[in-house]
Amino acid sequence: MRGVVLHAPGDVRVEEVADSEITAPTDAVIRLSAACVCGSDLWPFRGVDPVGRPTPMGHEYVGIVEEVGSEVRNVKPGQFVVGSFVASDGTCEICRSGYPSSCVHRVFMNEVGTQAERARIPHADGTLVATPDIPEAELIPSLLAASDVLGTGWFGAVAAQAGPGRTVAVVGDGAVGLLAVLAAKQLGAERIIAMSRHEPRQKLAREFGATDVVTERGDDGVARVKDLTGGLGAHSIVEAVGTQESMQQAIRSARPGGHVGFVGVNHDVALSGEELFFAQVSLFGGPAPVRRFLPELIELIWDRKIDPGKVFDLALPLEQAAEAYQAMDERRAIKALLRV
Ligand SMILES: [Zn+2]
């Protein structure tokens, strides 16, 4: 089968890779209906994360179940399924408490690589959610978004306690940040401040429910959020970048008693204990427990109440994955879908 392999920073190739097959009785094999490139795939692509050997890429996926292992009960061949970027058993104490992305048996799907024609899904019963029927083609981008970026933005908004009566600020205008805006709107936030300096992204943020746009960054961005909130800061901040600057901007934009949901994969962030002590904010984040939210997100998409697939502003055949990475790296595309 064909699959995307990163050979070295900047060197993405589509090549023949080993066929996906059942290796444990709890596995399923799916045929991808579409794949995509994630902002977090850019870390190894840029060489920020080391690339020690040719690495299969991709962790977001939707598709049709082709085969299941002998112990799989919840999904069957022929069903269309959505799963999280972390495979989880659904039965351990951590899964049952609502944190499947920290399942004691978790498998990060980038270890499998889902930018390919097929993928093996470990812990199929705990990981996959079947849709009510085979979706129409127009729903596939939104269902694919649910696999990671929507679920991650949603968790950011939940962790930040976005809700009625609250002002939410979102740091980061990538797909996750934009979908955190959508999530905050769905969760009933009163005011949503999107922090973005890119016009097409500002426009999408407004379509998703942003009431204000702040173009300044860093401490200037913090000052603008304070201006908009009577000098106090926002109740809820979603951090969707993962850098030192964005984490500081998020914490400093929160009012005392406020909540920061941080879902950008952190890279070399060091926080001052003294600043945190006096900030008096709650910090909660990490790899999003997407599987917890999937049934609700699939229903919202199925009923056409949300359209998160709008974050895909580029669609290319799988064979042109290298161009998809380039376009996202240069910020020419918000998020690239790969037609399989
Ligand atoms: Zn578990």
Side-chain angles (χ1 to χ4, degrees), residues 26 28 38 40 59-62 72-75 81-112 121-131 142-164 166 168 170 175-177 179-189 235-240 242 250 254 257-266 281-303 305-306 308:
T26 46
C38 184
S40 63
H59 53 263
E60 298 151 286
Y61 55 95
V62 291
V72 174
R73 298 283 174 271
N74 298 346
V75 293
V81 290
V82 186
S84 159
F85 67 96
V86 184
S88 54
D89 59 17
T91 54
C92 78
E93 197 168 326
I94 302 299
C95 280
R96 283 186 284 119
S97 70
Y99 293 93
S101 49
S102 291
C103 173
V104 299
H105 297 119
R106 75 178 169 190
V107 179
F108 281 98
M109 288 303 295
N110 59 334
E111 294 166 27
V112 172
I121 313 295
H123 309 305
D125 274 346
T127 304
L128 297 173
V129 180
T131 54
S142 287
L143 292 165
L144 179 59
S147 178
D148 180 357
V149 282
L150 172 61
T152 295
W154 197 275
F155 174 56
V158 168
Q161 302 203 351
R166 287 175 171 261
V168 181
V170 178
V176 170
L179 291 169
V181 169
L182 179 152
K185 170 80 176 171
Q186 286 294 315
L187 293 166
H235 302 92
S236 303
I237 317 287
V238 180
E239 191 286 331
H259 292 77
V260 175
F262 62 106
V263 291
V265 182
N266 267 235
V281 299
S282 298
L283 299 179
F284 186 34
V290 170
R291 175 62 182 80
R292 188 208 308 174
F293 304 118
L294 275 180
E296 180 184 2
L297 299 179
I298 290 170
E299 192 176 331
L300 286 167
I301 293 164
W302 202 263
D303 294 342
K305 290 186 175 143
I306 58 173

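Because the structure is a prediction, the values reported are computed rather than measured.
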Colleague: How many angstroms lie between CG in Asp148 and OG in Ser40, if you round to the nearest 0.5 Å?
Modeller: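 It is 6.5 Å, given to the nearest 0.5 Å.
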Colleague: Quick one: sort the Phe293 and Trp154 rings into parallel, tilted or perpendicular, breaks at 30° and 60°.
Modeller: tilted
Colleague: In this structure, which one of Val176, Val238, Val263 forms a side chain to side chain contact (heavy atoms under 4.5 Å, CB included) with Phe155?
Modeller: Val263
Colleague: Let me confirm one number: the OG1-NE2 distance from Thr91 to His123, rounded to the nearest 0.5 Å.
Modeller: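 One gets 8.5 Å once the value is rounded to the nearest 0.5 Å.
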Colleague: With the side chain counted from C-beta on, respond yes when Thr127 and Arg291 share a heavy-atom pair under 4.5 Å apart, and no when they do not.
Modeller: no
Colleague: Please check: side-chain N/O of Glu299 versus main-chain N/O of Trp302, any donor-acceptor pairing under 3.5 Å?
Modeller: no
Colleague: Hey, what do you get for OG (Ser147) to CD1 (Ile298), rounding to the nearest 0.5 Å?
Modeller: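 The distance works out to 9.5 Å.
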Colleague: How close do Val281 and Ala254 get, counting heavy atoms only, and between which atoms?
Modeller: CG1-CB, 3.6 Å
Colleague: Contact between Pro100 and Arg106 at the side-chain level, heavy atoms closer than 4.5 Å - yes or no?
Modeller: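 No. Closest side-chain heavy atoms not under 4.5 Å.
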Colleague: Taking atom OG of Ser88 and atom OH of Tyr99, what is their separation to the nearest 0.5 Å?
Modeller: 14.0 Å
Colleague: Find the distance between OG (Ser101) and CD1 (Ile94) and round it off to the nearest 0.5 Å.
Modeller: 10.5 Å
Colleague: Could you go through Leu187 and Gln161, starting from their C-alpha distance and side-chain angles, then the distance that decides it, and tell me whether this counts as side-chain contact (heavy atoms from CB on, under 4.5 Å)?
Modeller: CA-CA 9 Å; Leu187 293 166; Gln161 302 203 351; over 6 Å; no
Colleague: Any side-chain heavy atom of Val290 sitting closer than 4.5 Å to one from Val86?
Modeller: no
Colleague: About how many Å separate CZ of Arg166 and NE2 of His235, when rounded to the nearest 0.5 Å?
Modeller: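 Between His235 NE2 and Arg166 CZ, I get 6.0 Å after rounding to 0.5 Å.
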Colleague: Keeping the roles fixed (side chain from Arg292, backbone from Gly98), state whether a donor-acceptor pair exists under 3.5 Å.
Modeller: yes
Colleague: Measuring only between side-chain heavy atoms, which start at C-beta, is Ile301 closer than 4.5 Å to Leu150?
Modeller: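 Counting from C-beta outward, Ile301 and Leu150 do come under 4.5 Å.
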Colleague: State, to 0.1 Å, how close Gln186 and Ile306 come at their nearest heavy-atom pair, and which atoms those are.
Modeller: NE2-CG2, 3.3 Å
Colleague: Ignoring hydrogens, what is the shortest heavy-atom contact between Ala157 and Ala183? Give both atom names and the distance.
Modeller: CB-CB, 3.8 Å
Colleague: Taking all atoms of both residues into account, what is the closest heavy-atom pair of Gly83 and Leu128, and its distance?
Modeller: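 Scanning both residues, the minimum pair turns out to be CA-CD2, 4.1 Å.
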Colleague: Donor-acceptor pair, Ser236 side chain versus Val168 backbone, under 3.5 Å?
Modeller: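 No, because the side chain of Ser236 does not come within donor-acceptor range (under 3.5 Å) of the backbone of Val168.
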Colleague: Hey, is the main chain of Asn74 close enough, under 3.5 Å, to the side chain of Asp125 for a donor-acceptor pair?
Modeller: yes
Colleague: Nearest heavy-atom pair of Val81 and Ala130: which atoms, and what distance?
Modeller: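 Looking at all heavy atoms of both residues, the closest pair is CG1-CA, 3.9 Å.
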Colleague: Less than 4.5 Å apart, any side-chain heavy atom of Val149 and any of Pro308?
Modeller: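 Sidechains of Pro308 and Val149: no contact.
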Colleague: Under 3.5 Å, is there a donor-acceptor pair between the side chain of Asn266 and the main chain of Gly264?
Modeller: yes
Colleague: Which pair of heavy atoms, one from Leu294 and one from Ala146, lies closest together, and at what distance?
Modeller: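 Reported closest heavy-atom pair: CD2-O, 3.6 Å.
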Colleague: Look only at the side chain of Tyr61 and the backbone of Ser84, and say whether a donor-acceptor pair between them is shorter than 3.5 Å.
Modeller: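 Confirmed, Tyr61 side chain pairs with Ser84 backbone.
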